[in-house]
Peer 1: 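Quick one: structure below, then a few questions.
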Amino acid sequence: MISADVIVIGGGISGAATALGLVKSGAGKVLVFDEQLPAQRPSRGNFGLTWFMCKGANNPSYARWCRMAIDQWPDFAAELEQETGYDLELEWTGGAIQAFDDEQYQAHAKSIEILKNICAEVDLDYPVQMFSREGFADMIPDIELGRDVTGVMYTDRQGHVNPLKLLAAVRCALQQKGGEYFAAHTVSRIVPEKEGAIRVETTKGNFRCGRLVVAAGHGIPKLLAPLGAKVPIYPQRGQLMVSERYDRVLDIPFLCTRQTPDGTFVIGLSTEDTGLDDSVTMAAMKSQAANAIRLFPILKNLNWVRSWGAIRIMTPDGAPIYTKLTDYPNITVLALHSAVSLAPLNISEIAPWILEQQESSMINHFRNERFNV
Ligand SMILES: Cc1cc2nc3c(=O)[nH]c(=O)nc-3n(C[C@H](O)[C@H](O)[C@H](O)COP(=O)(O)OP(=O)(O)OC[C@H]3O[C@@H](n4cnc5c(N)ncnc54)[C@H](O)[C@@H]3O)c2cc1C
């Protein structure tokens, strides 16, 4: 049986970035096993925002965690690009959310006030502000805002990235540094053995490790059930659609619409409770297209060439679950939404915490036990 120091189950952005962090932190031999089911690939099907705005309104620890991640993003991307030669297409041009009427404008302004206060509790600023329609129009002179837009919530401290290139670069860096990535290796069983060893049974044979990281997205509950552990995640579908290429007219990403450096527009902000069904529907596409056209009327002239659904990994309070199992402290579970935005922390914080190289009082806020009330 092949042995490793650490096995990571799941080669999405959480598992791959954590594995890279483990290798960089000197964990020894690190293996990643990744199943390949279409319904379990949010790391390939996401919107690509690297974003903190509006996150943590009910949770100062999460607000701070998101800011930490976003502050690390430019250096994280530069290092990955330098190590792998990939261009992640990161644009650090901020992020925006429109208001379509005065009521929405006031609600956005109020949410900024609330988050400023929440962040102040943990000595953090919240660099987000409202712009009038005219003020924001000056920032995007090449594209016209729809007439319903009354104003825009904006921060200049975040951006967007090509999520496919991000995932490829992280996996590439992992393997360059000696980590091993096994595609199409489904883990069927986790078996704790004597003296802390863990046997990991896969469709292609059995392996043994001293530490295990379970970053298997929606595959987590099935893997943990035989160990008596429950992680309360639930699926939420989002549908995205992509246009033909167009002149580059918008470099600030909006929450519902962004233009990529190659000129395509990506739109999507739907949320549906459809289990693990990742299909697309005409109703959701019509509705989000209408919303995007209301924001930027020029979009009505474009052909839409591709669409897909992807399943978010949601937790009851929206914040990540980072937890070591009580009965098996050498098994760590990572389950979260916004794993693209939070990716730098897998390397700087999560990996050293898994290896017990550094305590992190921040990570304790995200233990699974917070849901045992
Ligand atoms: C529509 C949509 C838009 C989003 N937009 C954004 C965004 O703009 N910004 C942002 O930060 N986040 C965004 N997200 C969230 C982000 O995509 C997810 O948080 C992230 O992809 C989760 O990554 P993960 O690695 O934890 O899980 P996954 O990507 O699900 O990876 C888990 C991997 O584990 C594998 N696996 C499962 N079971 C097993 C098993 N038994 N054995 C081996 N392998 C297994 C799966 O096949 C999969 O490859 C979005 C998500 C959706 C759905």
Side-chain angles (χ1 to χ4, degrees), residues 7-19 31-53 55 66 69-70 73 95 158-164 166-167 170-171 181-190 200-204 207 212-225 231 233 235-241 253-258 266-272 274 276 278 280 284 288 307-315 318-322 333-346 350:
I7 288 177
V8 178
I9 307 177
I13 188 61
S14 302
T18 302
L31 311 182
V32 177
F33 298 134
D34 202 19
E35 191 176 57
Q36 310 250 303
L37 295 181
Q40 294 185 346
R41 292 188 192 170
S43 294
R44 294 184 190 177
N46 67 77
F47 199 63
L49 298 175
T50 51
W51 192 276
F52 75 91
M53 195 163 73
K55 292 187 181 175
C66 293
I70 297 308
W73 243 102
Q158 54 187 33
H160 60 151
V161 70
N162 181 324
L164 298 178
L166 167 67
L167 184 61
V170 169
R171 288 179 180 170
Y181 172 81
F182 295 87
H185 267 62
T186 300
V187 174
S188 47
R189 207 152 75 105
I190 299 168
V200 175
E201 298 181 357
T202 82
T203 42
K204 306 237 169 112
F207 298 77
L212 179 67
V213 178
V214 187
H218 291 297
I220 292 172
K222 191 171 158 195
L223 286 166
L224 294 189
V231 174
I233 53 173
Q236 182 192 70
R237 183 170 70 187
Q239 297 185 37
L240 271 67
M241 47 200 283
F254 277 63
L255 185 61
C256 62
T257 306
R258 70 185 183 100
V266 189
I267 69 175
L269 193 59
S270 59
T271 57
E272 298 164 285
T274 52
L276 293 180
D278 68 347
V280 291
Q288 53 197 23
S307 63
W308 66 88
I311 313 293
R312 298 183 183 89
I313 300 152
M314 301 306 293
T315 64
I321 295 174
Y322 305 126
V333 182
L334 311 175
L336 62 154
H337 182 57
S338 298
V340 172
S341 304
L342 298 174
L345 300 178
N346 290 91
I350 300 288

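When a ligand or atom number is given, it counts from 1 through the structure's own listing order. Just so it is clear, the model here is predicted, and its values are computed rather than measured.
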Peer 1: Kindly identify the option in V340, I9, L223, N346 whose heavy atom sits closest to atom 10 (C) of ligand 1.
Peer 2: V340
Peer 1: Check whether any side-chain heavy atom of R312 lies under 4.5 Å from a side-chain heavy atom of T271, and answer yes or no.
Peer 2: yes
Peer 1: Working note: I311 + R237, criterion side-chain contact (heavy atoms from CB on, under 4.5 Å); need CA distance, chi angles, decisive distance, verdict.
Peer 2: CA-CA 4 Å; I311 313 293; R237 183 170 70 187; 4.0 Å; yes
Peer 1: I7 and side-chain contact (heavy atoms from CB on, under 4.5 Å): which single residue from L31, V32, T202, V214 fits?
Peer 2: L31
Peer 1: Which part of L334 is near ligand 1, with near meaning a heavy atom under 4.0 Å away: side chain, backbone, both or neither?
Peer 2: neither
Peer 1: Check each atom of ligand 1 against the heavy atoms of G10 and keep those under 4.0 Å away; list them by number with element.
Peer 2: 33 (C), 34 (O), 35 (C)
Peer 1: Under 4.0 Å, heavy atoms only, figure out whether ligand 1 is touched by the backbone of H185, its side chain, both or neither.
Peer 2: backbone
Peer 1: Do ligand 1 and S338 have nitrogen or oxygen atoms that lie under 3.5 Å from each other?
Peer 2: yes
Peer 1: Counting non-hydrogen protein atoms only, what is the nearest one to atom 27 (O) of ligand 1? Give residue, atom name and distance.
Peer 2: I313 CD1, 3.5 Å
Peer 1: Just by modelled atom types, is the A339 backbone N or O under 3.5 Å from a matching donor or acceptor in the S14 side chain?
Peer 2: no
Peer 1: For G238, is at least one N or O under 3.5 Å away from an N or O on ligand 1?
Peer 2: no
Peer 1: Should H160 and L49 count as side-chain neighbours, where that means a heavy-atom distance under 4.5 Å?
Peer 2: yes
Peer 1: Between T202 and ligand 1, which residue portion shows a heavy-atom distance shorter than 4.0 Å: side chain, backbone, both, or neither?
Peer 2: neither
Peer 1: Is the backbone of I70 close enough, under 3.5 Å, to the side chain of Q158 for a donor and an acceptor to pair up by distance?
Peer 2: no
Peer 1: Check whether more than 12 heavy atoms from other residues, nucleotides or ligands sit under 6.0 Å from atom NZ of K204, and answer yes or no.
Peer 2: yes
Peer 1: Nearest protein heavy atom to atom 50 (C) of ligand 1, by residue and atom, and its distance?
Peer 2: N46 CB, 3.3 Å
Peer 1: Does L212 reach the side chain of I9, with side-chain heavy atoms less than 4.5 Å apart?
Peer 2: yes
Peer 1: Heavy atoms only: which of P42, G45, G219 is nearest to atom 17 (O) of ligand 1?
Peer 2: P42
Peer 1: Please examine the side chains of I233 and P221, heavy atoms only from C-beta on, and report whether any two atoms are closer than 4.5 Å.
Peer 2: yes
Peer 1: Just distances here: any N/O of I311 and N/O of ligand 1 closer than 3.5 Å?
Peer 2: no
Peer 1: With atoms numbered from 1 as shown, which atoms in ligand 1 lie under 4.0 angstrom from a non-hydrogen atom of G48?
Peer 2: 7 (C), 8 (O)
Peer 1: With nothing but distance in play, are any N or O atoms of S341 less than 3.5 Å from an N or O of ligand 1?
Peer 2: yes
Peer 1: Mind checking whether Y322 and L336 have side chains closer than 4.5 Å, heavy atoms only?
Peer 2: yes
Peer 1: May I ask you to identify the nearest protein heavy atom to atom 16 (C) of ligand 1, giving residue, atom name and distance to one decimal place in Å?
Peer 2: A339 N, 4.0 Å
Peer 1: For atom 40 (C) of ligand 1, what is the closest protein heavy atom, and at what distance to 0.1 Å?
Peer 2: V187 N, 3.7 Å
Peer 1: Between the side chain of W308 and the main-chain N/O of G45, is any donor-acceptor distance below 3.5 Å?
Peer 2: yes
Peer 1: Does at least one non-hydrogen atom of F33 fall below 4.0 angstrom from an atom of ligand 1?
Peer 2: yes
Peer 1: Nearest protein heavy atom to atom 48 (C) of ligand 1, by residue and atom, and its distance?
Peer 2: Q40 O, 3.3 Å
Peer 1: Examine the proximity of ligand 1 to L342 and report which part, side chain or backbone, both or neither, has a heavy atom under 4.0 Å away.
Peer 2: neither
Peer 1: Can you list the ligand 1 atoms lying under 4.0 Å from a non-hydrogen atom of L336?
Peer 2: 19 (O), 22 (C)
Peer 1: Which atoms from ligand 1 have a heavy atom of F47 less than 4.0 Å away?
Peer 2: 3 (C), 4 (C), 5 (N), 6 (C), 8 (O)
Peer 1: Is it the case that the side chain of T50 and the backbone of G159 share a donor-acceptor pair, with hydrogens and angles ignored and the cut-off at 3.5 Å?
Peer 2: yes
Peer 1: Can you check which of G217, P221, S43, A215 brings a heavy atom nearest to atom 23 (O) of ligand 1?
Peer 2: S43
Peer 1: Using modelled atom types and a 3.5 Å cut-off, is there a donor and acceptor pairing between side-chain atoms of T315 and backbone atoms of P320?
Peer 2: no
Peer 1: Identify the closest protein heavy atom to atom 9 (N) of ligand 1: which residue and atom is it, and at what distance?
Peer 2: L49 O, 2.9 Å
Peer 1: What protein heavy atom sits nearest atom 24 (P) of ligand 1, and how far away is it?
Peer 2: S14 OG, 3.3 Å
Peer 1: Can you sort out which atoms of ligand 1 are near A310, meaning under 4.0 Å from one of its heavy atoms?
Peer 2: 53 (C)
Peer 1: Of all the non-hydrogen atoms in the protein, which one sits nearest to atom 44 (N) of ligand 1, and at what distance?
Peer 2: E35 N, 2.8 Å
Peer 1: L240 heavy atoms, cut-off 4.0 Å: which ligand 1 atoms fall inside?
Peer 2: 1 (C)
Peer 1: List the steps and the verdict of side-chain contact (heavy atoms from CB on, under 4.5 Å) for L255 and W51.
Peer 2: CA-CA 9 Å; L255 185 61; W51 192 276; 4.0 Å; yes
Peer 1: Does L342 reach the side chain of C66, with side-chain heavy atoms less than 4.5 Å apart?
Peer 2: yes
Peer 1: According to the interplanar angle, ranging from 0 to 90°, do the rings of H185 and F33 count as parallel (below 30°), tilted (30 to 60°) or perpendicular (above 60°)?
Peer 2: parallel
Peer 1: Which option out of I190, T203, D34, I233 puts a heavy atom nearest to atom 33 (C) of ligand 1?
Peer 2: D34
